[in-house]
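So the structure is just underneath, and the comments pick up after that.
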Protein chains: 2
Amino acid sequence: MTDSTWQIPRIALAVDLAVLTVRNNALQILLVERGVDPWRGQRALPGGFLANDQEDLDAAAERELAEETGLDISRLYLEQLRAYGAPDRDPRSRVVTVCYVAFVPDLPTPEAGGDAQTAAWVPVQAALDHDTRLAFDHKRIVADAVERVRSKLEYTTLATSFCPPEFTVTDLRQVYETVWGETLDQRNFHRKVTGTAGFLVATGEQATGQGGRPAALYRPGPATTLHPAMLRPTTSANNQPRRIPCAVDA
Amino acid sequence: MTDSTWQIPRIALAVDLAVLTVRNNALQILLVERGVDPWRGQRALPGGFLANDQEDLDAAAERELAEETGLDISRLYLEQLRAYGAPDRDPRSRVVTVCYVAFVPDLPTPEAGGDAQTAAWVPVQAALDHDTRLAFDHKRIVADAVERVRSKLEYTTLATSFCPPEFTVTDLRQVYETVWGETLDQRNFHRKVTGTAGFLVATGEQATGQGGRPAALYRPGPATTLHPAMLRPTTSANNQPRRIPCAVDA
DNA sequence: ACTATTTACGTCAACCTGACGTAAATAGTA
DNA sequence: TACTATTTACGTCAGGTTGACGTAAATAGT
C-alpha cells in the first residue's frame, strides 16, 4: 500500500465544544452564529482549529471555552466526547474535529464571547428539532452530547456540576428532571441522594424559603460515581432491538 | 489571536486499534512489534496514518484492522475509544491518534499481519505490567481500552462478541470472569443471563460434554443493553474518592 | 452400577425501588 | 392569632433483584 511517493497526509484538526447547562427549566447548549462561510449565519458549536501544531487537545478545548464563551473555567466539568472525521463534513477541506462536553452551572448570562460571533444558550430540544439547521455535522454532535450527559447523570454525581456551589435536594432533582425530561418522585429522589454516601455534604444552612418548609443546603460530596446507579424511569431509549454485527458506531 | 499570517496548522492523523479477545483464560490484546524508529523493536498497538486526506476515520480503522491483523471483519465489534493528542506523544512530529476498540472472538490464531510487523496476542495484565514498555502513550490507551471493555460488559450484551457463534452459559460466564478478573457464582450468573430477555437465544442444541450434564447452546439475542445492568462484584475500582473540579479527564 | 463432574433450577434473606402516606416547618392571609 | 397552602423531610409497604448456598438432573469415566 505504501509506495515510495506516499506521504503522511496532514489534515486540519479542530476542537469543538458542547457546553451544556440547565437554565429556565431546560437543558441548553451554547451555540454561536458563524460569521464566515461555509454555513455563514448558521448556528454552530463553539470551537476552532488548533492554535498551533503543538497545542494540546485538552488545552485547546479550555482555550476555546475561555475565548468563545468567557465562562469561568473553574466551576465546570470538561471531558472529551469523541472525534468526528467523516471526509465530507467540511466542504472546504478535510477537517477532523475532537469534541468536548462541558457541564456548567447556570451562571449569570455568559452569552457574548470575547472572540467574534455572538454566543447564545439554545434549548437542546430546539437545537435538535427537525426543522432546525446547524452547521456541519453539529446536530449529530449535539445529540451525542445530550445522550452523554443523560447517561452520566445515571452513574455519576455530575448533576452537581449544573448546580450553584450550594443547593437543595429540590435543585438537584430539577436538574435530573430537566436533563432527562422526566418527572421524578420527590420522596424517592430525596431518599436516594441523601442515602448515597459521599453524594451530598450538608452545610447545616437552610435555604431561605419561598414559603414551605425550609430546605437543607448541600455541597457536592467526594463521591464521583453512584452505586447503585440512579436509572432513568422510562428507559424507552435503551433496550433498542437494533443489532449491529460489525458496529463502527453509526 | 489570529494575526494575518496565521495559517491552520496541519497535523498528522493516525488511527490505532485496541483489539481485544479472550484467549487461554486471559483478556489479551493484539500488539505489533515496531520495525522502524521511534520505538523500533518495542511493542505497539496496530495502527497507522490515514491512507489519504479523504479517508474516513471508521474506514481507516477497518482497513488497519484488515491489513495488520488479517482478522475476519464480519465477526467483531468496533467502536471509537477516543482521541489522544498530547503534543509530545510522538517525538518525530505532532501526531494525533483516534483510537478504536475492537472485540473479537478467540479465532484460530490470526497472529501475523499482512503488512509488516509480527502481530501477537499479549495478556493485558502483562501489557499493563509496570515493567512492560509500550511505544508512545499506548500503555495508557491499553488501560483505557481495558476499562472500556470492563464497563461495557456491565451494561451491554457485548460479552457475546468474545464468544464463538454458538456458546454455552459457562462460556459466557468465563468471558465475564476473565475480563473482570473476578469469579462469579455459576448459579446466579445462569439465572441472570437466561432471565434477561433478548440476551440469549437457545438453539435447542446441546454442547458435546466433556463429562457432566450437557450444556444448552445459545446464540446472541437481539438485546444490546442490559436492564438492569450486571455489575461487577467488588466495585473497588469505582467509588474512587478523587474529585476533579475542572476535569479534562486525566 | 458407582462416582465425579457439570449443568440447571430452587430457596431465602437482604437490599433497592416505586408508589404513596404523613408529619414538620415555613409564608401568606383572614 | 389562627388557619391554609406549600414545601420539605421522613415512613410504610409490596414487588423485584441480588448474593449466598442447597440440590436435582444428566453426562463421562471407572
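Excluded from the calculations below are hydrogen atoms, water molecules and symmetry mates; all remaining heavy atoms, backbone and side chain alike, are included. Chain identifiers are assigned alphabetically (A, B, ...) following the order of the sequence lines, protein sequences preceding nucleic acid strands; residue numbering begins at 1 within each chain.
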Just wondering, do [Y] and [X] contact through their side chains at under 4.5 Å, heavy atoms?
X       : Y       : value
P233(A) : W180(A) : yes
L30(A)  : T21(A)  : no
V19(B)  : F103(B) : no
L45(A)  : I29(A)  : yes
L200(B) : F167(B) : yes
L172(B) : C163(B) : yes

Inset, instruction - Enumerate the residues from residues 210-217 of chain B whose closest heavy atom to DNA chain C is under 4.0 Å, giving them by residue number; use none for an empty result. - result: G211(B), G212(B), R213(B), P214(B), A215(B), A216(B)

Legend entry - Members of residues 172-180 of chain B that approach DNA chain C, where some heavy atom sits under 4.0 Å away: none

Inset, instruction - Determine, for R148(A) against D144(A), whether the closest basic-nitrogen to carboxylate-oxygen distance falls under 4.0 angstrom. - result: no

Legend entry - Salt bridge E154(B)-K192(B), side-chain N to carboxylate O under 4.0 Å: no

Legend entry - Touch class at under 4.0 angstrom, heavy-atom based, for T170(A) against every strand present: sugar-phosphate

Taking side chain to side chain donor-acceptor pair (under 3.5 Å) as the test, write out the residues that go with [X], two or more places apart.
X       : result
Y218(A) : none
K152(A) : E79(A)
N188(B) : R191(B)
R133(B) : none

Legend entry - ring-ring contact (aromatic ring centres under 6.0 Å, His included) involving F189(B) - partner list, sequence neighbours excluded: Y176(B)

Legend entry - Qualifying side-chain hydrogen bond (donor to acceptor under 3.5 Å, both in side chains) pairs, either residue in residues 165-174 of chain A, two or more places apart: E166(A)-R219(A), T168(A)-D171(A), R173(A)-E177(A)

Pick out the pairs of N or O atoms, protein on one side and nucleotides 13-20 of chain D on the other, that lie under 3.5 Å.
{"residue": "dT18(D)", "atom": "OP1", "partner": "K192(B)", "partner atom": "NZ", "Å": "2.8"}
{"residue": "dG19(D)", "atom": "N7", "partner": "R191(B)", "partner atom": "NH2", "Å": "2.9"}
{"residue": "dG19(D)", "atom": "O6", "partner": "R191(B)", "partner atom": "NH1", "Å": "3.0"}
{"residue": "dA20(D)", "atom": "N7", "partner": "N188(B)", "partner atom": "OD1", "Å": "3.4"}
{"residue": "dA20(D)", "atom": "N7", "partner": "N188(B)", "partner atom": "ND2", "Å": "2.9"}
{"residue": "dA20(D)", "atom": "N6", "partner": "N188(B)", "partner atom": "OD1", "Å": "3.1"}

Legend entry - Partner set under side chain to side chain contact (heavy atoms under 4.5 Å, CB included) for P105(A), not counting sequence neighbours: R75(A), L107(A)

Legend entry - Dot-bracket pairing map - DNA chain D, Watson-Crick plus G-U, both contacts under 3.5 Å, | cross-strand: ||||||||||||||||||||||||||||||

Inset, instruction - Considering only heavy atoms of chain A and a distance under 4.0 Å, specify the first and last nucleotide of DNA chain C in 5' to 3' order that meet this criterion. - result: dC16(C) to dA27(C)

